[in-house]
Engineer: 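Just passing along the structure, written as structure tokens.
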Number of protein chains: 2
Amino acid sequence: MGRSDASELAQQLALRMAEYLRRSGLTVGAHLAEQQFADALKVSRTPVRRALAVLADMGVVVQEPNRGYFLRKIPAASVRPALAEGTGLSEERYLRIADDRLAGRIEDHVTETALMRRYAMPRRELQRVLHRMEKEGWVERKPGHGWMFAALPDSVEAHAQSYRFRMMFEPAALLEPGFRLVDSEVKRIRRDQQMLLDGGVHRLSRARLFELGSDFHNTVIGFSNNRFMIDAIQRVNAMRRLLEYRAHYDRERITGQCREHLHLLDLLEQGSRREAAEFMRKHLDVVREQKTGGGRSGNDALNTVTAQL
Amino acid sequence: MGRSDASELAQQLALRMAEYLRRSGLTVGAHLAEQQFADALKVSRTPVRRALAVLADMGVVVQEPNRGYFLRKIPAASVRPALAEGTGLSEERYLRIADDRLAGRIEDHVTETALMRRYAMPRRELQRVLHRMEKEGWVERKPGHGWMFAALPDSVEAHAQSYRFRMMFEPAALLEPGFRLVDSEVKRIRRDQQMLLDGGVHRLSRARLFELGSDFHNTVIGFSNNRFMIDAIQRVNAMRRLLEYRAHYDRERITGQCREHLHLLDLLEQGSRREAAEFMRKHLDVVREQKTGGGRSGNDALNTVTAQL
DNA sequence: TATTGCATTTTGTGCATTCAAGATACACAA
DNA sequence: TTGTGTATCTTGAATGCACAAAATGCAATA
């Protein structure tokens, strides 16, 4: 499936394009201009072309001589795993290291080559992974040689921390002066959440569920146009992925969350931003309690004083 | 000054050690054990030893055969520039690129080698700089070749955004359940702020003033022990350094800020965290108005709703 | 006129080698 | 026993070259 000789970038692009074709309701037979994809994906036509070749191999598009590529059939959700295979290598390694670290199988201080040996990966790739982890804030280079893992709070405490943080800034994001809904995006996340309600919750993989959930918050906070908040939500999500990847997922609860997400969108589209902000806060508070086993409110001081500020 | 043959790391360490010796009131003649510094600085004894050699060259410490190094005189503030010289190269380049970009002299999309040529620096170093900028969130790798600069909001708007963000989470940080003062740190920042009031404001360089200001907030937020908030304040500071580096610095206003900082510490030491949080919010609000030219409150919705939540 | 197909140029990565310098181990002095 | 002096081992950065593939320019075609 999907050309083993295609470059990694091409694989990635193929995946993203398939995703795009599936979501953005184009009709079969539509002409797919190379340059447009190139611009949208911030690359040149060359890798786009390769990606289209991959998709052609899978029967998603057809190439007509001198006329380019045309959509042949809307790609099924099943193209995902097939394509992700090619791109997943590095991701897999990332997860393996993350897993080992979270399980305490890696010391606080490690040398680069020790990791290279242990995971049998070339230095370059390891460095990429480490840089990613560094960006996510849980490893640091030591001044001299080697890397240092940050002491992670246990996962319950980490969750509690992240939700307290989110309860502060996510509602605030909705009230930013620069807040502007983008219709196409609203449509997209609304459709996703609705899809989850229509059975998706039980059908999709955990990773996918996580992705859709964080994408929702990402997108909404994105409307604020405040780069600090956008940044913050992305970092929180990165950490959450780490913590929740293997955590228990209560699918019933997700259903409830989807309803709340949809309601939030309703409020925003009505222009009731204050109500929306308040609703967001409650939404997060509920999730927090679920994740952290709750107590009754976890942080009385916070709630009280938040009421004062 | 200070051994041109010392490695860069050694120079850095020498700088940090000098700083430490100056602050942490050791008495002349004190024995400086290598291993302690090594542990504190997260490196092996080798570079520490080199750094000590540098400091010996400058007359700050003396080496006695088979007994190690001893403090000879408390390093004056003037050692800073002398030592920083060695470490400043990369920093200087970083600032030059940052400057060019902020002034609009660099396009949104750039290729790596184009930058290499333009700034006449080796790839490795350029990449380090770019990675740093990436961590700070204002450049990204493109999927294929090249880098892409994020569209920065103009500096007034960026300031406004950052302060709105900070007004949300900094007060909240003071109310975190895990909030614990660390006496030695409190002492340190109190002394720094006091020093500023005692004339430092007029004596020190802008860069140094900035550093002391952000160090204050860093430290205080650090007491929260909430890694998300600690992370957030660091990112905000990185961006502020960028924006303010060349900005106008009103030294009189800084005096006022120092007083507020000291008052905040008083409140915290009395255990009045709620009052402290409220005070912090006002403190930031005042600074925000100064920086952004203000209007009367910039964001009524925020203030009002904050009052509700 | 816009877009494809293809050829050419340019870029950045991979890899092997080399070397400065950071980490480590151990003998010896205080 | 603790900490220095020093020799040895190991690490990771620098360098140069070859190559895959991304960017770009241009003729051909709908």
Side-chain angles (χ1 to χ4, degrees), chain A residues 3 5-13 31-39 41-53 56 61-70 90 109-117 121-128 130 141-148, chain B residues 3 5-13 31-39 41-53 56 61-70 90 109-117 121-128 130 141-148:
Chain A
R3 292 205 166 190
D5 63 318
S7 72
E8 198 178 309
L9 177 57
Q11 291 272 343
Q12 273 177 39
L13 296 185
H31 181 211
L32 310 172
E34 292 174 357
Q35 190 61 55
Q36 282 179 11
F37 282 99
D39 291 345
L41 298 168
K42 302 270 165 58
V43 292
S44 73
R45 278 172 52 212
T46 310
V48 169
R49 171 169 279 268
R50 269 197 257 276
L52 282 168
V61 299
V62 264
Q63 179 176 27
E64 292 186 18
N66 287 323
R67 296 190 60 232
Y69 288 90
F70 296 83
S90 188
H109 297 260
V110 211
T111 190
E112 208 171 282
T113 36
L115 290 174
M116 279 174 61
R117 272 196 293 271
M121 56 204 289
R123 168 169 266 123
R124 205 67 151 119
E125 192 185 335
L126 176 67
Q127 284 184 336
R128 256 198 295 275
L130 287 171
R141 286 201 81 82
K142 288 204 282 181
H145 285 173
W147 296 77
M148 188 176 53
Chain B
R3 291 207 167 187
D5 64 319
S7 73
E8 199 180 308
L9 178 56
Q11 291 272 343
Q12 275 177 38
L13 296 185
H31 182 208
L32 310 173
E34 291 174 358
Q35 191 62 55
Q36 281 179 13
F37 281 99
D39 291 343
L41 298 168
K42 302 270 165 55
V43 292
S44 71
R45 276 172 52 209
T46 310
V48 168
R49 169 168 279 268
R50 269 196 257 275
L52 283 168
V61 300
V62 263
Q63 180 175 25
E64 292 185 20
N66 285 323
R67 298 191 59 233
Y69 288 90
F70 296 82
S90 186
H109 298 260
V110 212
T111 190
E112 208 171 285
T113 36
L115 290 174
M116 278 173 62
R117 274 196 293 270
M121 56 204 290
R123 166 167 271 123
R124 201 61 160 153
E125 193 184 335
L126 176 67
Q127 285 183 336
R128 255 198 297 274
L130 287 171
R141 286 200 81 82
K142 289 204 283 181
H145 284 172
W147 296 76
M148 187 175 56

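Just so we're on the same page: letters track the sequence lines, and every chain starts at 1.
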Engineer: Just N and O in the side chain of A:Thr113: are any of them under 4.0 Å from OP1 or OP2 of D:dT10?
Structural biologist: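 Looking at the OP1 and OP2 atoms of D:dT10, neither is under 4.0 Å from any side-chain N or O of A:Thr113.
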Engineer: Mind checking B:Gln36 for me? I need base, sugar-phosphate or nothing, with any heavy atom below 4.0 Å counting as a touch.
Structural biologist: nothing
Engineer: With the side chain of B:Arg123 defined as its heavy atoms from C-beta on, choose the nearest nucleotide among C:dG5, D:dT4, C:dG12.
Structural biologist: C:dG12
Engineer: Indicate, yes or no, whether a donor-acceptor pair under 3.5 Å links the base of C:dA21 to the side chain of B:Thr46.
Structural biologist: no
Engineer: B:Arg141 CZ to C:dG12 C1': how many Å, rounded?
Structural biologist: 8 Å
Engineer: Measuring from atom NE2 of B:His145 to atom OG1 of A:Thr46, what distance do you get when rounded to the nearest 0.5 angstrom?
Structural biologist: 10.0 Å
Engineer: Provide, to the nearest angstrom, the distance between the CD atom belonging to A:Glu112 and the C1' atom belonging to D:dT10.
Structural biologist: 13 Å
Engineer: Tell me the interatomic distance from B:Arg124, atom CZ, to C:dG14, atom C1', rounded to whole angstroms.
Structural biologist: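 Rounding to the nearest Å, CZ of B:Arg124 and C1' of C:dG14 are 13 Å apart.
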Engineer: Begin with the C-alpha distance, continue with both residues' side-chain angles, and end with the deciding distance and a verdict on side chain to side chain contact (heavy atoms under 4.5 Å, CB included) for B:Trp147 and B:Leu130.
Structural biologist: CA-CA 9 Å; B:Trp147 296 76; B:Leu130 287 171; 3.5 Å; yes
Engineer: Can you tell me how far CZ of A:Phe70 sits from CG of A:Leu52, rounded to the nearest 0.5 angstrom?
Structural biologist: 11.5 Å
Engineer: In whole Å, I'd like the distance from the CG atom of A:Leu130 to the C1' atom of D:dT11.
Structural biologist: 15 Å
Engineer: Is the number of heavy atoms from other residues, nucleotides or ligands within 6.0 Å of CD (B:Gln36) greater than 12?
Structural biologist: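 No, the 6.0 Å shell around CD holds no more than 12 heavy atoms from other groups.
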Engineer: Please report the distance, rounded to the nearest Å, between CE in A:Met121 and C1' in C:dG14.
Structural biologist: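 Roughly 15 Å, once rounded to whole Å.
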Engineer: Using 0.5 Å steps for rounding, measure from the CZ atom of A:Arg45 to the CD atom of A:Glu34.
Structural biologist: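 The distance works out to 4.5 Å.
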Engineer: Under 3.5 Å, side chain of A:His31 to main-chain N/O of A:Arg67, donor-acceptor pair present?
Structural biologist: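 Answer holds: yes.
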Engineer: At how many degrees, to 10°, do the end axes of the helix from C:dT1-D:dA30 to C:dA30-D:dT1 meet when each uses five pairs?
Structural biologist: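 Helix axis angle between the two ends: 60°.
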Engineer: For a quick test of reading the model: is some side-chain N or O of A:Arg128 closer than 4.0 Å to OP1 or OP2 of C:dG14?
Structural biologist: yes
Engineer: If you find the nucleotide of DNA chain D closest to B:Tyr69 and the one closest to A:Ser44, which residue's nucleotide is nearer the 5' end?
Structural biologist: B:Tyr69
Engineer: Look at the side-chain N and O atoms of A:Arg50 and state whether any lies under 4.0 Å from the OP1 or OP2 oxygen of D:dA21.
Structural biologist: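 For D:dA21, neither OP1 nor OP2 has a side-chain N or O of A:Arg50 closer than 4.0 Å.
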Engineer: Please tell me which of B:Arg117 and A:Pro143 maps to the more 5' nucleotide of DNA chain C, matching each residue to the nucleotide holding its nearest heavy atom.
Structural biologist: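 Per heavy-atom nearest nucleotide, the more 5' residue is B:Arg117.
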Engineer: May I ask you to say what B:Leu32 touches in the nucleic acid, namely base, sugar-phosphate or nothing, with a heavy-atom cut-off under 4.0 Å?
Structural biologist: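 The answer is sugar-phosphate, as B:Leu32 gets under 4.0 Å only of primed atoms, P, OP1 or OP2.
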Engineer: For the CD atom of B:Gln63 and the CZ atom of B:Arg49, what is their distance to the nearest 0.5 Å?
Structural biologist: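 Going from the CD atom of B:Gln63 to the CZ atom of B:Arg49 covers 6.5 Å.
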Engineer: Just how far, in rounded Å, is C1' of D:dC9 from NE2 of A:His145?
Structural biologist: 12 Å
Engineer: Taking the nucleotide of DNA chain C with the closest heavy atom to each, which residue, A:His31 or B:Gln127, is nearer the 5' end?
Structural biologist: A:His31
Engineer: Rounded to the nearest 0.5 Å, what separates atom CD in B:Glu125 from atom CE in B:Met116?
Structural biologist: 11.0 Å
Engineer: Nearest-Å distance, CG (B:Leu13) to P (C:dA23)?
Structural biologist: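 Between P of C:dA23 and CG of B:Leu13: 9 Å.
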Engineer: Report yes if at least one side-chain N or O of A:Arg67 is closer than 4.0 Å to OP1 or OP2 of D:dA30; otherwise report no.
Structural biologist: no
Engineer: Quick check: any donor-acceptor pair below 3.5 Å linking the side-chain of A:Arg45 to the base of C:dG5?
Structural biologist: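 Such a pair exists between side chain and base.
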Engineer: Please state whether the phosphate of D:dT10, meaning OP1 or OP2, lies under 4.0 angstrom from any side-chain nitrogen or oxygen of A:Thr111.
Structural biologist: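 So the side chain of A:Thr111 is outside the cut-off, no N or O lying under 4.0 Å from OP1 or OP2 of D:dT10.
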Engineer: Can you check the A:Gln35 CD to D:dA22 C1' distance for me, whole Å?
Structural biologist: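 Roughly 13 Å, once rounded to whole Å.
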Engineer: Where each residue is assigned the nucleotide of DNA chain D containing its nearest heavy atom, which of B:Gln63 and A:Trp147 is assigned the position nearer the 5′ end?
Structural biologist: B:Gln63
